[in-house]
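Notes follow once the structure below has been shown.
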There are 2 protein chains.
Amino acid sequence: MSHQPGLARMASLIADPAREAMLVALAGGRALPAGELAAAAGVSAQSASRHLHKLVEGGLLQVWSQGRFRYYRIADERVAAAIEALCDLATRPPRQRKRPPAQLCFARCCYDHLAGELGVALADGLAARGLVRMAGQEARFTGKGRAWLAAQGIPREDIALCMDWTERRPHLAGPGGRAILAHLLDRKLLRGADKAEPRALALTPKGRAWFAKTLNRK
Amino acid sequence: MSHQPGLARMASLIADPAREAMLVALAGGRALPAGELAAAAGVSAQSASRHLHKLVEGGLLQVWSQGRFRYYRIADERVAAAIEALCDLATRPPRQRKRPPAQLCFARCCYDHLAGELGVALADGLAARGLVRMAGQEARFTGKGRAWLAAQGIPREDIALCMDWTERRPHLAGPGGRAILAHLLDRKLLRGADKAEPRALALTPKGRAWFAKTLNRK
DNA sequence: GCGATGTTTCACCGCCGTGTGAAATGTCGC
DNA sequence: GCGACATTTCACACGGCGGTGAAACATCGC
């Protein structure tokens, strides 16, 4: 548990509306005196002074005294990059929903077989146990695999590989993949996760136990 | 003054030690249940629940219910990028001093002429007033420029351009640049800014007035 | 020198956010 | 169904942080 206390500390420096306004005002790279920054942030000179002191102490700003003026500026490009990244986050709502719901990432139907994290994990687990052999775009059950199918009561069919949309790794498809998904649904190891999203699948309690046994056992 | 209140809001979401620990624990991309995140952050389950709720509401995390467990994960790559940028900031101290002091950025001697922001501003200002014509790596005084030199009492010399180290833009160099700097120092419009840094220059009060007049007037 | 201006320091107050304990909700194993 | 477990909700008290006013400090123009 090696903490990185600095992360929260840096964030807390930006987490104030007045300091945010100052940093945004300085984002162009120009140096501005304390008074202008106070006006930009809409706070009194005293408040601004303390805010600026904190930002300098935290290494976000550099200060440069010139006569009775004190010019503040962004310390370096990394500070600007962090501010930009947070700005990107803050103005993100439109894209926020573009990402597929987490349910679809975890487990879903891909045409007629199991995809998502669970589908990839199943393919990996069966391969790790030597039940399936994967080579390039091809896959087939080994002898052990055929015995396992029989023990599970899953009809033996040819399997293929399908590149996963969210995981970018292959999962089991083809007639064999269809048979496995049918088996999982039939034995109520999987169920529909959401009425509004018919492709999303969720594990049942029995299903979790089955996957734990199937994937974890050496 | 178009605020971007979201920036401070996003930062405040990260600005808590417990939430920082949670985000760091999730930074690998894996999804973890609330209990594990509570343990990772070293807080009680109630506190963790509220922290996680805030992170989800703020769009930093996505939650996915599976039975009595609730799995949380980083919402998307942009969140990860922002966290990484802040982490970069937090672990930056060694490099912090690598950047040239602000004094050197503002005004300094470059061999024998004026460089830094002030040098670039002077070159731009003279060009904008039609006193200097810049073309590629070449520069020369115009007729108006020669009159201005005479009025200032600066001897007329050929000028060259020098690419600025910090500004990445050209400033005036060569014999003319040297004469200008000598004039500015001689009339006490500029002075040494720091004993420890002989190249750093600072404006005197008179110098500020002179630059304001020289640069701002149409 | 003097007043004016830009900036900082100090002490005080109010508020928001967090931790905590008790209790409610939803889900699993039996 | 019942107890166990993971998680959430609620109400409350504490602490820290920011805003404000008064005053000190530094510098410029004259």
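The sequence lines fix the lettering, A, B, ..., with proteins before strands; numbering per chain opens at 1.
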* Asked: Can Leu86(B) and Leu86(A) be said to form a side-chain contact (heavy atoms from CB on, under 4.5 Å), step by step?
  -> CA-CA 9 Å; Leu86(B) 280 174; Leu86(A) 280 173; 4.3 Å; yes

* Verdict with reasoning, Ile14(B) to Ile14(A), per side-chain contact (heavy atoms from CB on, under 4.5 Å) -> CA-CA 10 Å; Ile14(B) 313 178; Ile14(A) 312 177; over 6 Å; no

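Rounded to whole angstrom, the span from the CG atom of Leu32(B) across to the C1' atom of dT7(D) amounts to 15 Å. Following rounding to the nearest Å, Asp16(B) (CG) and dC16(C) (P) show an atom-to-atom distance of 18 Å. What separates CG of Leu37(B) from P of dA6(D) is a distance of 14 Å, to the nearest Å. As a whole-Å value, the separation of Phe69(A) CZ from dA26(D) P is 17 Å. Here the C1' atom of nucleotide dA6(D) and the CH2 atom of Trp64(B) are 15 Å apart, to the nearest Å. Here the C1' atom of nucleotide dG17(C) and the CG atom of Leu52(B) are 16 Å apart, to the nearest Å.
Residue-level contact check: Tyr71(B) touches neither bases nor backbone, having no heavy atom under 4.0 Å from any strand. Contacts of His51(B) with the nucleic acid, taken as non-hydrogen atoms under 4.0 Å apart, involve only primed sugar atoms and P, OP1 or OP2.
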Which donor-acceptor pairs under 3.5 Å do side chains of residues 202-209 of chain B form with protein atoms, sequence neighbours excluded?
{"from": "Thr204(B)", "atom 1": "OG1", "to": "Lys188(B)", "atom 2": "O", "distance (Å)": "2.7"}
{"from": "Thr204(B)", "atom 1": "OG1", "to": "Leu189(B)", "atom 2": "O", "distance (Å)": "3.2"}
{"from": "Thr204(B)", "atom 1": "OG1", "to": "Gly207(B)", "atom 2": "N", "distance (Å)": "3.0"}

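Heavy-atom nearest nucleotides on DNA chain D were determined for Ala48(B) and for Ser12(A), and the one closer to the 5' end corresponds to Ala48(B). Comparing Ala45(B) and Arg19(A) by the nucleotide of DNA chain D that holds the closest heavy atom to each, the one mapping nearer the 5' end is Ala45(B).
Comparing dT7(D), dT7(C), dG18(D) against the side chain of Ala34(A) picks out dT7(C) as the nearest.
The closest donor-acceptor contact from the side chain of Arg129(A) to the backbone of Thr214(A) lies under 3.5 Å. In this structure, the side chain of Arg146(A) engages the main chain of Phe141(A) through a donor-acceptor pair within 3.5 Å. When atom types are taken as modelled, the side chain of Ser12(A) and the backbone of Arg9(A) share a donor-acceptor pair closer than 3.5 angstrom.
Among residues two or more places apart in sequence or in another chain, the side-chain contact (heavy atoms from CB on, under 4.5 Å) test is passed with Ser49(B) by none.
In this structure, Tyr72(A) does not reach the dT7(C) phosphate: none of its side-chain N or O atoms is under 4.0 Å from OP1 or OP2.
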* To do: Classify every nucleotide of nucleotides 20-30 of chain C by which part a protein heavy atom approaches to under 4.0 Å, writing B for the base, S for the sugar-phosphate alone and - for neither, in 5'-to-3' order.
  => BBB----BSS-

